Amino acid sequence: MSRIAYVDGAYRRHGEAAVHIEDRGYQFADGVYEVIAVRAGKLIDEAPHLVRLRRSLAELRIAGALADAPLKVVLREVIRRNGVVNGIVYLQITRGIAPRDHAFPKVARPIVVVTARRSRPANPKLAEEGIGVITIPDIRWQRCDIKTISLIGNVLGKQQAREAGSYEAWMVDRDGHVTEGTSTNAWIVTGDNLVLTRAAENAILNGVTRQALIEIIHREGYRFAERPFTVAEAKAAREAFLTSTTSDVTPVVAIDGQPVANGVPGLLTQKLRADYLAHIVE
Ligand code: PLP
């Protein structure tokens with residue numbers, strides 16, 4: 001079955017789907033995106049993804065994009081046309097097409113692109129054995145709370161992780177505090193069982209998985225705080241893990257090659273992962 005994309009009002013085969021060379025997304029990375037998981041045919045946490053999308057658009061002052069109701073129809077249609085039961089749907093909105101000039105064009109219509117793809121079930125080893133992260137300087141800009149398609153800092157960081165044989169890179173700000181992973185949020189559990197993640201300010205993306213897990217943590221009554229933690233605190237932690245739409249809750253068992261505690265997934269991490277997976281099938 002050939003893959004089908006939605007591009008600015010039409011459904012096209014991937015081989016024929018294209019955007020204009022003066023699309024501001026292509027020239028300036030002037031746009032936003034979302035990735036929503038599809039599990040057993042269901043869009044997971046669609047509502048908070050759309051809330052975040054609207055916030056990102058508002059922060060970039062991109063107006064006039066497809067409203068939620070028609071957008072939801074498009075998301076479902078792309079999922080259906082690609083036969084996706086388990087996978088992801090990708091949605092991108094750019095400011096539109098205009099002669100190249102940094103300032104906003106006087107007239108431009110936002111361009112929406114939606115694609116979907118199936119994914120194989122995640123390798124169970126990742127959750128059973130945990131993964132390693134490296135730490136790298138956070139070289140990104142100061143509005144990482146906006147989910148823009150401008151991802152070069154994240155791209156370079158992920159590549160560095162891959163070349164180091166690690167799953168993810170945790171980025172570190174100038175004060176020595178971990179911000180987040182290149183495509184995931186970062187968490188630790190301290191020696192006294194306090195679950196810690198950085199507060200959702202400008203330095204990180206407020207992950208939808210992060211938001212769902214915080215609700216679970218409150219519901220289950222675990223000790224929790226939102227505050228920055230240092231690389232040293234992470235290395236001395238009892239447990240560590242990361243969250244995202246595509247990696248759920250995944251244990252981190254090594255940081256810069258050093259085992260976290262005894263180097264196996266933590267018990268609380270495993271419990272939170274199970275609770276999160278239960279939330280998905282609700
Ligand atoms: N942080 C960054 C930089 C990301 O790119 C992502 C996801 O793409 C996340 C965190 C996790 O966000 P979510 O849980 O909404 O997938």
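For ligands, and for the atoms within them, numbers begin at 1 and follow the listed sequence. From a predicted model like this one, the values you see are computed outputs, not experimental measurements.
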Check whether Asp23 reaches the backbone of Val19 with its side chain - one donor and one acceptor, N or O, closer than 3.5 Å.
no
Sub-3.5 Å pairs, protein N or O with ligand 1 N or O:
from	atom 1	to	atom 2	distance (Å)
ligand 1	1 (N)	Glu180	OE1	2.6
ligand 1	8 (O)	Lys147	NZ	2.9
ligand 1	14 (O)	Val208	N	3.3
ligand 1	14 (O)	Thr209	N	3.0
ligand 1	14 (O)	Thr209	OG1	2.6
ligand 1	15 (O)	Arg52	NH1	2.9
ligand 1	15 (O)	Arg52	NH2	3.0
ligand 1	15 (O)	Val208	N	2.8
ligand 1	16 (O)	Thr245	N	2.9
ligand 1	16 (O)	Thr245	OG1	2.6

Using distance only, find each side-chain donor-acceptor pair of residues 213-222 under 3.5 Å and give its atom names and separation, not counting sequence neighbours.
none

Interatomic distance, OG1@Thr148 vs CZ@Arg143, rounded to 0.5 Å, equals 10.5 Å
Starting at OG1 of Thr190, measure out to CD of Glu233 and round the result to the nearest 0.5 Å.
8.5 Å
Side chains of Leu75 and Ile36, heavy atoms from C-beta outward: is any pair under 4.5 Å?
yes
Closest heavy-atom pair and its distance - Arg24, Ala103:
NH1-O, 3.4 Å
